[in-house]
Protein chains: 2
Amino acid sequence: MNSLDELTHELFTFFNGFSSWENSVIKTSDLTVSEAHAIEILGNHGQMKMKTLAQHLGVTTGTTTVTVDRLEKKEYATRESVKEDRRIHLITLTEKGQHAFAEHHQYHSNLTEQILSVLSSEENEQLVKILKKINAEAF
Amino acid sequence: MNSLDELTHELFTFFNGFSSWENSVIKTSDLTVSEAHAIEILGNHGQMKMKTLAQHLGVTTGTTTVTVDRLEKKEYATRESVKEDRRIHLITLTEKGQHAFAEHHQYHSNLTEQILSVLSSEENEQLVKILKKINAEAF
DNA sequence: TATGTATTGTTTGATGTTCAAAGTAATTTT
DNA sequence: AAAATTACTTTGAACATCAAACAATACATA
């Protein structure tokens, strides 16, 4: 196996591991995958309008409408229209939503710690540096 | 931001980038996401029975039945029962399926090259080493 | 200011993903 | 031979997603 294939293999193994870890974490909660993603984004960036949320999620506004409908029904978020432009609806996490976000973030930290535990502190530094580069330039 | 949060953030940014890249690649093909995953696994491991495929996919055999139904209809794979144990069905990629696998693998290599292009050869080696450790021990 | 255009968000109809539970067929165990 | 187990399929339900059509609001310009 050449060096390119080797890295390809490790990258996709890593991605798949990450992916199934995430799904299993979400399954332990009261949330569906799309609801969890929406809460993640709202938690990280604060209140935003439908369109912005849809862009962050990488889906259409139609899909986002359905997701936010459920978040509202389950009381994780609220919709409110803006006085200055009544087309716009701002989505905001409720207390319950913020709590779910904090909990989800804790799971993420746990996975990071699990990953760190198999690396030396030197490798830790290398990984952060490499990921920063990739995230900034590669996608 | 502390060091743990920093790595968490970079890890999940990386994961999300990877994820949306993969979805957009699959969208350019004739395949759905679950079909593409099945082809990926069959291409990497060769022919296998339904149950094994389901385990690799991380879904139930019921779900796998549906996926393989479609792969068969679209002529990417075939089902054949085994003489020695007629409960077992072996799934095999057709020519067309193998071609799709090769094409998908090429896309993966392209992404890896794209990632490599922003890294020094030293960082490349570090990344492979780190990923191997994580994949072997962390999940 | 009136009309046409653009934007924001919702609804609808279609396809796909997934699971759990129930069902079928074949094999193994007792 | 009966009971238990295994491999797979079917079914019904919830969820995810899109494209296209729609409604409400805002903006632009003639």
Side-chain angles (χ1 to χ4, degrees), chain A residues 16 19-42 47-74 76-92, chain B residues 16 19-42 47-74 76-92:
Chain A
N16 289 333
S19 198
S20 69
W21 174 88
E22 233 214 341
N23 283 331
S24 69
V25 160
I26 291 174
K27 243 173 239 162
T28 66
S29 72
D30 173 43
L31 300 166
T32 68
V33 173
S34 66
E35 286 160 23
H37 284 165
I39 286 177
E40 175 79 15
I41 287 162
L42 290 166
Q47 92 183 159
M48 64 181 66
K49 58 181 184 166
M50 292 298 294
K51 197 183 180 188
T52 309
L53 179 56
Q55 283 166 342
H56 275 102
L57 286 168
V59 298
T60 63
T61 55
T63 300
T64 307
T65 293
V66 177
T67 303
V68 172
D69 282 348
R70 263 204 317 278
L71 285 180
E72 250 192 327
K73 194 182 293 176
K74 291 186 182 177
Y76 286 101
T78 57
R79 253 191 196 91
E80 43 179 336
S81 67
V82 177
K83 236 179 293 177
E84 296 75 42
D85 184 341
R86 286 187 302 168
R87 291 171 307 180
I88 294 178
H89 291 75
L90 281 183
I91 319 303
T92 313
Chain B
N16 289 333
S19 199
S20 69
W21 175 89
E22 232 213 342
N23 284 331
S24 69
V25 161
I26 291 174
K27 242 173 241 164
T28 67
S29 72
D30 174 45
L31 300 165
T32 68
V33 173
S34 65
E35 287 160 22
H37 284 165
I39 287 178
E40 174 81 15
I41 288 162
L42 290 165
Q47 91 182 160
M48 64 180 66
K49 58 182 185 166
M50 292 297 294
K51 197 184 179 186
T52 310
L53 179 56
Q55 283 166 342
H56 275 102
L57 286 169
V59 298
T60 63
T61 56
T63 299
T64 307
T65 293
V66 177
T67 303
V68 172
D69 283 348
R70 263 204 319 274
L71 284 180
E72 250 192 328
K73 193 181 294 176
K74 292 186 183 176
Y76 286 101
T78 57
R79 253 191 196 91
E80 44 181 333
S81 66
V82 177
K83 237 179 291 174
E84 296 76 42
D85 184 340
R86 287 187 300 170
R87 291 170 306 180
I88 294 178
H89 291 74
L90 281 183
I91 318 304
T92 313

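So that the names make sense, note that chain A is the first sequence line, chain B the second, and so on, each numbered from 1.
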Problem set entry | With sequence neighbours excluded, residues passing side chain to side chain contact (heavy atoms under 4.5 Å, CB included) with S81(A) |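 Once residues adjacent in sequence are excluded, the partners of S81(A) under the side chain to side chain contact (heavy atoms under 4.5 Å, CB included) criterion are H89(A).
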For this session: For S20(B), enumerate each residue passing the side chain to side chain contact (heavy atoms under 4.5 Å, CB included) test, keeping only those at least two apart in sequence or located in another chain.
Result: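 Here no residue qualifies.
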Problem set entry | Nucleic acid contacts - residues 27-37 of chain A versus DNA chain C, non-hydrogen atoms under 4.0 Å | none
Exercise. In residues 48-59 of chain B, which ones come under 4.0 Å of DNA chain C, going by heavy atoms?
Worked result: G58(B), V59(B)
Residues in side chain to side chain donor-acceptor pair (under 3.5 Å) contact with [X], at least two apart in sequence or another chain:
{"X": "D30(B)", "answer": "Y76(B)"}
{"X": "S19(A)", "answer": "none"}
{"X": "R87(B)", "answer": "D85(B)"}

For this session: Using the salt bridge (charged side-chain N to carboxylate O under 4.0 Å, His left out) rule, collect all pairs that involve residues 53-71 of chain B, keeping only residues at least two apart or in two chains.
Result: E35(B)-R70(B), D69(B)-R79(B)
Look up atom [atom1] in [X] and atom [atom2] in [Y], then write down how far apart they are to the nearest 0.5 Å.
{"X": "T92(A)", "Y": "E72(A)", "atom1": "OG1", "atom2": "CD", "value": "10.0 Å"}
{"X": "L57(A)", "Y": "I41(A)", "atom1": "CG", "atom2": "CD1", "value": "4.0 Å"}
{"X": "L90(B)", "Y": "Q47(B)", "atom1": "CG", "atom2": "CD", "value": "4.5 Å"}

Exercise. Could you give the start and end, 5' to 3', of the contact zone on DNA chain D for chain A, using atoms under 4.0 Å from its heavy atoms?
Worked result: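 It runs dC15(D) to dA26(D).
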Exercise. Is any side-chain heavy atom of V82(A) closer than 4.5 Å to a side-chain heavy atom of K49(A)?
Worked result: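 Not in contact.
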Problem set entry | Distance-minimising heavy-atom pair for M50(A) and I91(A) |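 Looks like SD-CD1, 3.4 Å.
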Problem set entry | Any pair counted as side chain to side chain donor-acceptor pair (under 3.5 Å), so long as it reaches residues 51-61 of chain A, sequence neighbours left out | T60(A)-T63(A)
Exercise. Between which nucleotides of DNA chain C, 5' to 3', does chain B make heavy-atom contacts below 4.0 Å?
Worked result: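 Nucleotide range in contact with chain B: dG16(C) to dT27(C).
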Exercise. Taking for each residue the nucleotide of DNA chain D bearing the nearest heavy atom, is the 5' side occupied by V66(B) or by G62(A)?
Worked result: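 First, find each residue's nearest nucleotide; the 5'-ward one identifies V66(B).
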